Amino acid sequence: MITQDHQFHLEPVVEPVFDWKDHSRFVEIYPVSTGWLVLWGRYEEMGAVRTLHGSRVYRSAEGARRRLAWAIVGLTRNPVDARDALRLLDRKGGLPSHRPRTGHPVSAGSTTQ
């Protein structure tokens with residue numbers, strides 16, 4: 001039985017607040033109730049298949065920015081690409097204001113930075 005305390009207000013997130021794409025590689029950042037969700041991976045078979053290489057949730061925008069940079073370096077092996085992505089994020093105004101809800105634990109395997 002679901003009690004009033006266990007009902008959640010869920011809103012679908014359709015578009016990332018920031019995305020980086022380079023040929024077949026991608027990194028996306030979404031605001032979620034527990035912080036910032038960062039997804040990274042590759043497109044395969046001419047973009048028909050999207051392979052996720054990793055995902056993490058960060059409580060702070062700074063943690064999401066660090067993961068953005070490290071994910072890009074992991075995908076491209078080029079720190080200049082990460083620097084350029086962070087500059088692009090800053091030029092777009094950075095990540096929007098977002099306060100994660102408190103009291104909800106971050107899922108297993110996620111980072112709380």
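Quick caveat, the model's predicted, so the values are computed rather than measured.
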Next on the checklist: Is there a path of hydrophobic side-chain contacts, each under 4.5 Å between heavy atoms, that joins V32 and L52?
Outcome noted: yes
Next on the checklist: Is there a continuous path of hydrophobic side-chain contacts, each under 4.5 Å between heavy atoms, that joins V73 to L86?
Outcome noted: no
Pairwise side-chain contact, [X] with [Y], heavy-atom cut-off 4.5 Å (strictly under):
X   : Y   : answer
L95 : W36 : yes
D19 : V27 : no
I29 : L37 : no
W20 : R25 : yes
W40 : I72 : no
S55 : V38 : no
L89 : R91 : no

Item to check | Ionic contact status for E62 with R67, cut-off 4.0 Å | outcome: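 Salt bridge absent between R67 and E62.
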Checklist entry - So, R87 and D90, do they make that salt bridge, N to O below 4.0 Å? => result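 So R87 does not pair with D90 through a salt bridge.
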Item to check | R42 to L75 - nearest heavy-atom pair and separation | outcome: NH2-O, 3.2 Å
Item to check | Nearest heavy-atom neighbours spanning A82 and A69 | outcome: CB-O, 3.5 Å
Checklist entry - With no hydrogens and no angle check, is any side-chain donor or acceptor of R77 less than 3.5 Å from a backbone partner on G74? => result yes
Checklist entry - Does any N or O in the side chain of H98 come within less than 3.5 Å of the main-chain N or O of S60, such that one atom is a donor and the other an acceptor? => result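 Not a single qualifying donor-acceptor pair exists.
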Item to check | Point-to-point distance, once rounded to the nearest 0.5 Å, from OG1 of T34 to CZ of R101 | outcome: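 Atom-to-atom, T34:OG1 and R101:CZ are 9.5 Å apart.
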Checklist entry - Quick one: CG on D22 to CG on D84, what's the gap to the nearest 0.5 Å? => result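 It comes to 10.0 Å.
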Next on the checklist: Out of the candidates E44, E45, E28, only one should pair with R50 under the salt bridge (Lys or Arg N to Asp or Glu O under 4.0 Å) rule; please name it.
Outcome noted: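 In the set E44, E45, E28, the residue that makes a salt bridge (Lys or Arg N to Asp or Glu O under 4.0 Å) with R50 is E28.
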Item to check | Parallel, tilted or perpendicular: ring planes of Y43 versus F26, cut at 30 and 60 degrees | outcome: tilted
